[in-house]
Enquirer: 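I am attaching a structure below and will ask some questions about it afterwards.
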Amino acid sequence: QPHPKKAMDIVRSCMAGEVHEAHQRLEELWAKGYSAQDIIQTLSRVTRSMEMPEKTKLDFLQVLGTVHMRILDGTDSLLQLSGLIGTLSLLKHTAGAA
């Protein structure tokens, strides 16, 4: 499992709308050999314990759960995780605009 600090950095980057930063950190974990399932589980665990607005947390966890199900169904690729980063960043951006 990736270190929770690394996962927290990814989530924080998504919350700040820093897609490229979050994706770079994700690629570092992927290059170290962590599986998509390991990464998504750590991201979910970290998101549950992070301090953030409740609505943002619930939205993030819903997206993480959906992607986790896709990974369990066999689509465990970097592309799936990259889409997750984009969606989380977009969620925070649209929530901040509302």
Enquirer: Who are the side-chain hydrogen bond (donor to acceptor under 3.5 Å, both in side chains) partners of Asp76, not counting sequence neighbours?
Expert: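 For Asp76, no residue satisfies side-chain hydrogen bond (donor to acceptor under 3.5 Å, both in side chains) once neighbours in sequence are set aside.
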Enquirer: I'd like to check Lys6 versus Arg25 (side-chain heavy atoms, cut-off strictly below 4.5 Å). Are they in contact?
Expert: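 Side-chain contact under 4.5 Å: no.
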Enquirer: Name every donor-acceptor pair, under 3.5 Å, that has one atom in a side chain of residues 26-37 and the other anywhere in the protein, sequence neighbours excluded.
Expert:
residue	atom	partner	partner atom	Å
Ser35	OG	Asp38	N	3.1
Ser35	OG	Asp38	OD2	3.3

Enquirer: With sequence neighbours left out, what residues match Arg45 under side chain to side chain contact (heavy atoms under 4.5 Å, CB included)?
Expert: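 Arg45: side chain to side chain contact (heavy atoms under 4.5 Å, CB included) contacts with Gln1, Pro4, Thr42, Arg48.
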Enquirer: Would you compute the distance between atom CE of Met69 and atom CD1 of Ile40 and round it to the nearest 0.5 angstrom?
Expert: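 Rounded to the nearest 0.5 Å, the CE-CD1 separation comes out at 12.0 Å.
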Enquirer: Could you tell me which non-hydrogen atom of Ile71 sits nearest to which non-hydrogen atom of Gln80, and how far apart they are?
Expert: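 Taking Ile71 first and Gln80 second, the nearest heavy atoms are CG1-CG, 4.2 Å.
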Enquirer: Side chains of Leu88 and Val11, heavy atoms from C-beta outward: is any pair under 4.5 Å?
Expert: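 Answer no - side chains too far apart.
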Enquirer: Going from CG on Leu58 to CG on Leu91, what distance comes out if it is rounded to the nearest 0.5 angstrom?
Expert: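 Those atoms lie 11.5 Å apart.
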Enquirer: Rounded to the nearest 0.5 Å, what separates atom CG in Asp73 from atom NE2 in His68?
Expert: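 Here the interatomic distance stands at 10.5 Å.
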Enquirer: With rounding to the nearest 0.5 Å, note down the distance linking CG in Leu61 to OG1 in Thr66.
Expert: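 OG1 of Thr66 is found 10.5 Å from CG of Leu61.
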Enquirer: Give, for atom NZ of Lys57 and atom CG of Leu64, the distance between the pair rounded to the nearest 0.5 Å.
Expert: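 These two atoms lie 12.0 Å from each other.
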Enquirer: Any idea which heavy atoms bring Thr75 and Arg70 closest together, and the distance?
Expert: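 The answer is OG1-O, 2.7 Å.
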Enquirer: Output the distance between atom CG (Leu81) and atom CG (Leu43), rounded to the nearest 0.5 Å.
Expert: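 Atom-to-atom, Leu81:CG and Leu43:CG are 8.0 Å apart.
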